[in-house]
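Written below as structure tokens is the structure these notes are about.
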Amino acid sequence: MAAFDIVGKGVPRTDARAKATGSATYTDDIKLPGMLHGRLLRSPVAHARILNIDTSRAKALPGVKSVITGADIPPVRYGNWRLFPNLQDEYALARDKVRFIGDEVAAVAAVDRDTAEEALGLISVEYEELPAVFDVDAAMRRGAPLVHDEVEGNVSLDRKIRYGDVESAFKEADYVRKDTFTVQAVSHAYLEPCSSVAQCDQDGRITLWTSTQVPYIVQCLLASTLKMRENDIRVIKPTVGGGFGGKMELRPWEFCAAFMARSTGKPVKFTLTRREELATGRRRHPMKLISKVGFKKDGTLLAKDLKILLDGGAYNAMGPTATFLCGNFGAMLYRYPAYRFLGLHVYTNKPPASAMRGFGAPQSLFASETQMNLAAEELGIDPIDLRLKNAQVPGDEIPDVATISSCGFRECLENVAVMSDWKKKRKSKKKGYGVGIGCYSFISGGVFNWFNTQYAFSTAEVRAFADGTVHLLTMASDIGQGSDTVLKQILAEELGLAMQDIRLTTADTAMTPQADLGTWGSRVTLMAGNAVIDAARQIKEQLFGAVSARFNLNVIYDLECKGGRVQAVGKPERGVSFGEAVAMVQKTNRGKALVVRGSYTPRRKGLVTPAFSFGAQVAEVQVDQRTGLVDVKNMWTAHDCGTVINSKSVEGQLEGSLHMGLGYALSEQLVMDGGVTVNDTFLDYKIPTALDMPHGVSACVPTYEPEGPMGAKEAGEGMVSPTAPAIADAVHRATGYRCMDLPITPEKILSGMKNKG
Amino acid sequence: MIVRFEYFAPKSLDEVLRLLDEYGPDACLLAGGTDLLLKIRAGAVTPTAVIAIKAVKGLDLISFDTTKGLFIGATALLSDFAGHPAVTKHYPALRDAALATANVQVRNMGTVIGNLCNASPCADNAPTLIAMGGTAVVESRNGGRCVPLEDFFKGPGQSVIGPGEIVTSVTVPVPPKGSGASYLSLSQRSRVDMSAVGAGVFVRLESSRIAQASIVMGSVGPVPMRASKAEAILAGKRPSAALFARAGEAAAKESKPISDVRASASYRRQAVGVLVERALGEAAARAKGD
Amino acid sequence: MKHVIELKVNGDSYQVAVDPWRTLNEVLREDLNLTGTKLGCGTGDCGACTVLLDGRTVSSCLTLAVEAAGKDIRTVEGLAPSGEELHPIQEAFIEEGAIQCGFCTAGMELSAKYLLDRNPAPTEREIRASMSGNLCRCTGYDKIVAAVDAAARKMK
Ligand SMILES: Cc1cc2nc3c(=O)[nH]c(=O)nc-3n(C[C@H](O)[C@H](O)[C@H](O)COP(=O)(O)OP(=O)(O)OC[C@H]3O[C@@H](n4cnc5c(N)ncnc54)[C@H](O)[C@@H]3O)c2cc1C
Ligand code: FES
Ligand code: FES
């Protein structure tokens, strides 16, 4: 493995100072002259036909500058799945029908927020309520009300995977079990509520500042819904306060801000409230998972038959991708000679589910890891041994997916067993005490081009200057995960520069090169990182040429960029400073600036992902057997993310994953009463506090991913998945209660214990 | 909801009483505002006048006197109360209850008395204050009265305080010799949270027997509720784990919880029994001075 | 009716006319353009809006601006002694990697200051308890706790 100067170090984030001093600008911090404030009128009913909307009283309110409804906007449906237009099922404002409580019906822009809010109360909407469906079973029942009239049976998409001979494998198996699992809806709960500000210039071009993970996707979809040209829309991502998958689509308020900025000639800002976020916002898919697995007596896996019903809510959003991926995650960690998957994405009259950290994995892995633990128990094999027996190893092929190149899964399992003192702790008979295990595998960005982009997946432009600095421009979006820092590190490493030598411009569709699909699916480090490396190599080619000519170097000499110099390897005296080298190239090209573009698109990597990451986690719990309260004491994690580019970032991602995984396991749940999300404040939507966090210890298993930049791959997204199954397993050891339906609440533990006697 | 109101910040109690009188049912008192502002924004109350009382001099007093006991002024902050040396020394259970309320920021704004006047069944400070025999001093333009906290609560969000009235203080007797109290609460997240259930208990021992016991449960009925059957079980008995377990069971039976987003009725019932049992254990230990 | 009040923020004095129902958070962010103080929930639950009022942390989303009149208000903008220097708490947050998306950071730093002003050498448990009114969705809190600990040592 290569030795690095900057990569691998815990370099402080480049944006930390601005954030520490409060000077980083988030979207809601933007205030433009003459700016109007927008608010959305949302449907109070889960399913209804809109008979009439009367906006006259609202329009008459002094200070109100614009009121729009679905009838005022172009009837263009949008959705991220541009590749299959029939999956694009949303209008920015409802037309004819509303499909969930919170569906956007009208928008108001006024001189201040209070006036806008008041105007909302003056809009009267006549609804004809329709029967509604609130869970997958009801939605799929014969004769069920249709959420979208054109989608029979409310199944908007099915996904099948099939390889090996599943039937005969089950016949051959010594041990077969079938289980049903359910998992709840949870919120991204990013701390920054969504916000957008739009401005329209005198030429009619739109600039939109918005809290998003996907500026390019917003640009394209905004253009199509406004019936404008893409290049007439500029989307800028200011500092973003977290996304976790919840900010990766075009959203109604982005459309409304732009539309109303154009129609009023004034900037318009929309900022959501936390209530809107929790009660109506995107969420992680609730799922029902029915899984059948077969083993040989010795624990060898033979087959799996998995069916997943995704409760998609009222629109597809990123549900189709989740439907694809949860099937892949069902058979990613272990070798399944035969696998059959059926995923159904089902419409219900609830707020739409979409992408959320893990993207199908937390649900799928809760089921499959719990089932592994159930099987281990019944087969009388230690759960870690059972996993070791079936674990993927480098070179394994997942049929129709890809061949796994780097893979440290076995090492993760072995490490975590040692770190946690597994053998001893697992035997403990202490009351209310238990340890349990869960594992994960994850993708490093998706390959399947559902957005149907016509550009490379990631692009980076590098401009080099004679003063020894460079300017990196990329549309990659830092939403808090730290990609700005990581990309700078990669470029600094490649060009032998210091972090301060790099100016960075990101995520501005009018300035940064087309395109980048955005931040999701753990794609940024790998894809944008590779684009940066591609650009850096092109710069180096030119610098090396100039230095080679200047010193009349024999062609067999290799050159390097190191310590701010461009020089012959081993002969630093035959070299010049980086700036001088740039000046030489510039002279050679008679004044042409040294500017290059690098790009990356995964090719020959199947349709799922170019690289896989792995990990194993052990949870230790103490359960109060009388109240059912779970105290998670320790979590040990061993993971394989390839080369670590920024150790602080990777640790931070892992610790953050643990937080989200813990909430998913124990305390977080959007409680539904029919179509109503009952807990719409952080008082009752319980994300863990600093006091709730267990003590965590983690270790990296060193691997090198050939497809990744400098050997790196995904870190921090997949890790959100093993926590729930690991805690569930530990709780089972502690109490005898085996959780098959998340979250693990004190009530379920107590009644589970009672049922055990 | 858009809310509009007039705001007053009188400097004297007389002025507060005058404004209360003038605006009647359209006035709301604002102490820390941590409950009131949320209620106003939710449209649960629609005052035309909000009368802030934090500017009234001396109303934030907390004092202790070995004969009169503890005095808690209307604007005494939860954080000042929890950190007060006399409270820590003589009323550790009241301190625990105050610390179990909300988070640091809210305790820096919110008041003990606001917590009571808000009259939520889950008010963390109510059970122990009731169990320890606290009394509210209520004033209006027409004079004053004292209301034992036991009789203070009328239903969710409702207390005996009517229009024109203000609670100026709450007093708590000096804990008698050989007595101890405890407050325990439970929530799915760590204790910086609205509790799903709570139990405040007070016991007094005399020659190793329970001479007096009060048990008050939070979040298991429309108001903080007394577990009289459980108290009766304890009367005159020697404290023991088995006895406390029986009392806990009785308390659970007496409770009248509902199901909501924080917990189901049956879980609340089971948990409150456990809390009562454990709180009795802690109170008895404190009474014995260990 | 609007009230004309004087707000003393980070040592500077501002006269503003405010409606009585407007929160300190709104007035800081919208009228005074001090946008370092964030709004994460508006219901007192997340701590992103934390400011110091007469030395104590409060949620500016639950504090009426009129209530803050005349009091000493400190926001994240007033933490650093100058544009070039940082407060030790800020340094520690940067060095320890306690900042990811940064939306919780201002509130966290002020809660840390409140704690360290009262307790210069807190234990880990005390730090966690004292910061538990500040939610963070990104970091899992470990690095924030480490930063407060490091800041305590720097400030000795
Ligand atoms: C994030 C958060 C978490 C919370 N967690 C908890 C918790 O864990 N446990 C808990 O019990 N509570 C909790 N609360 C509720 C609240 O903080 C407490 O009830 C607090 O003590 C209320 O005090 P206050 O001074 O803010 O009351 P205010 O909001 O000022 O007043 C509350 C009510 O009492 C009336 N009132 C106030 N003072 C008087 C008086 N002197 N005389 C007559 N009427 C009066 C007001 O008009 C109002 O109706 C929480 C609140 C928030 C925002
Ligand atoms: S914004 Fe004030 S506590 Fe969340
Ligand atoms: S860093 Fe994102 S919320 Fe704390």
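Note on naming: letters A, B, ... go to the chains in the order of the sequence lines (proteins, then strands), and numbering restarts at 1 for each one. Everything numeric here is computed off the predicted structure, so don't read it as measured data. All values below were derived from every heavy atom in this structure, side-chain atoms included, with hydrogens, water molecules and symmetry-related copies excluded.
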* Asked: Looking at side-chain heavy atoms only, is the closest gap between C/Thr57 and B/Met109 below 4.5 Å?
  -> no

* **Heavy-atom proximity to chain B below 4.5 Å, by part of C/Cys49** => neither

* Can you find a heavy atom in the side chain of C/Trp21 that is under 4.5 Å from one in the side chain of B/Leu37? -> no

* Asked: Tell me, side chain or backbone of C/Thr43 under 4.5 Å from chain B's heavy atoms, or both, or neither?
  -> both

* **Stepwise side chain to side chain contact (heavy atoms under 4.5 Å, CB included) test for B/Leu30 and C/Leu64** => CA-CA 10 Å; B/Leu30 173 88; C/Leu64 296 177; 4.1 Å; yes

* To do: Could you verify whether a donor N or O on one side chain and an acceptor N or O on the other, from C/Ser59 and B/Gln105, lie under 3.5 Å apart?
  => no

* Is any side-chain heavy atom of B/Val104 less than 4.5 Å from a side-chain heavy atom of C/Met131? -> no

* Should C/Leu62 and B/Leu38 count as side-chain neighbours, where that means a heavy-atom distance under 4.5 Å? -> yes

* Proximal component of B/Leu77, with respect to chain C [non-hydrogen, under 4.5 Å] -> side chain

* **Heavy-atom pairs under 4.5 Å with chain C, option from B/Leu36, B/Val50, B/Asp80, B/Thr34 with the top count** => B/Asp80

* **Test item: C/Asp19 and B/Arg4 side chains (from C-beta on) under 4.5 Å apart, heavy atoms** => no

* Asked: What are the two closest non-hydrogen atoms of B/Ser79 and C/Arg56, and how far apart are they?
  -> OG-NH1, 3.1 Å

* Structure fact -> d(B/Asn108 CG, C/Asp54 CG) to nearest 0.5 Å is 11.0 Å

* Looking at side-chain heavy atoms only, is the closest gap between B/Arg41 and C/Thr23 below 4.5 Å? -> yes

* Closest contact, heavy atoms only, C/His3 versus B/Tyr7 -> CE1-O, 3.4 Å

